[in-house]
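What follows is a set of notes on a single structure, which appears directly below.
Each ligand, and each atom within it, is numbered from 1 in the order the structure gives. The figures that follow rest on heavy atoms only: side chains count, while hydrogens, waters and symmetry mates do not. In what follows, residues are counted from 1 in the order of the sequence shown.
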Amino acid sequence: MVCLGNICRSPLAEGIMKKKIQEHQLNWKVDSAGTAAWHAGEKPDSRSIKVAQKNNIDILNQRGRQFQARDLDDFDLVLTMDATNYQNVRYLTTSSEQENKIHLIMNFVNPGLNQQVPDPYITDGFESVFEMLELACNKIIEKYKWDIPR
Ligand code: 4NP
């Protein structure tokens, strides 16, 4: 799960997905990262912590980290929040196999629409970010839950 700062959107995506993975008893690994290193080592934004808590998801133990080129090998899917994250991750690819792993996360909800999860850091909107990510995570679970060994 990739956004810019790894303190607002992608920590929520990680938390939501981890909860669903548990509920479905899948053995998937999920992590999140930011394309920027500004918030490396920091806790998620308090507004993300709050909206997660409201939905019984604990993201307090997450810490920010910067996306690394090796993540493109270590993970099967690289799910980005907006077009800038998408481009920044794509610059790091060295093969079409890596390129094919990268998606805008909302394309799992509305294929081909290239909808973006808006950056809530300045403008707020954490509730609607949460709702978008929850929809996307549901779709991803449904799409792959039988494909990947438990
Ligand atoms: P995120 O939000 O990419 O969803 O974590 C942001 C967090 C911090 C900044 C920008 C976006 N920032 O400019 O510090």
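- Hydrophobic clustering of Ile, Leu, Val, Met, Phe, Trp and Tyr side chains at less than 4.5 Å, counting indirect connections, keeps Val89 apart from Val30.
- Residue Pro120 has no N or O atom closer than 3.5 Å to an N or O atom of ligand 1.
- Using a 4.0 Å cut-off between a side-chain N of Lys or Arg and a carboxylate O of Asp or Glu, Asp82 and Arg9 qualify as a salt bridge.
- Atoms of ligand 1 found under 4.0 Å from any heavy atom of Gly5, numbered from 1 in the order shown, are 1 (P), 3 (O), 5 (O).
- For ligand 1, none of its N or O atoms has an N or O atom of Ser10 under 3.5 Å away.
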Show your working on side chain to side chain donor-acceptor pair (under 3.5 Å) between Ser32 and Asn6 and close with a plain yes or no. CA-CA 7 Å; Ser32 64; Asn6 192 210; 2.9 Å; yes
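- Contacts between Leu4 and ligand 1, counted as non-hydrogen atom pairs separated by less than 4.0 Å, involve both the backbone and the side chain.
- Contact annotation: for Ile122 versus ligand 1, there are no heavy atoms closer than 4.0 Å.
- Looking at atom 13 (O) of ligand 1, its nearest protein heavy atom turns out to be Trp38 CZ3, 3.5 Å.
- Under the 4.0 Å criterion applied to side-chain N and carboxylate O atoms, Glu42 and Arg63 are not assigned as salt-bridge partners.
- Per-residue contacts place Ile7 under 4.0 angstrom from the following atoms of ligand 1 (heavy atoms of the residue considered): 5 (O), 7 (C), 8 (C).
- Considering only heavy atoms from C-beta on, Ile141 comes within 4.5 Å of Trp28 through its side chain.
- Counting protein heavy atoms only, atom 1 (P) of ligand 1 is closest to Cys3 SG, 3.4 Å.
- In terms of protein heavy-atom proximity, atom 9 (C) of ligand 1 is nearest to Tyr121 CD2, 3.4 Å.
- The proximity of His39 to ligand 1, defined as any non-hydrogen pair under 4.0 Å, is limited to the side chain.
- Scanning the protein heavy atoms around atom 11 (C) of ligand 1, the nearest turns out to be Asp119 OD2, 3.1 Å.
- Taking 4.0 Å as the cut-off between side-chain N and carboxylate O, Asp58 and Lys19 do not count as a salt-bridged pair.
- In this structure, Asp45 and Phe126 have side chains that are in contact, with non-hydrogen atoms separated by less than 4.5 Å.
- Between Lys101 and Asp74 there is no salt bridge, since none of the side-chain N atoms of the basic residue sits less than 4.0 Å from a carboxylate O of the acidic one.
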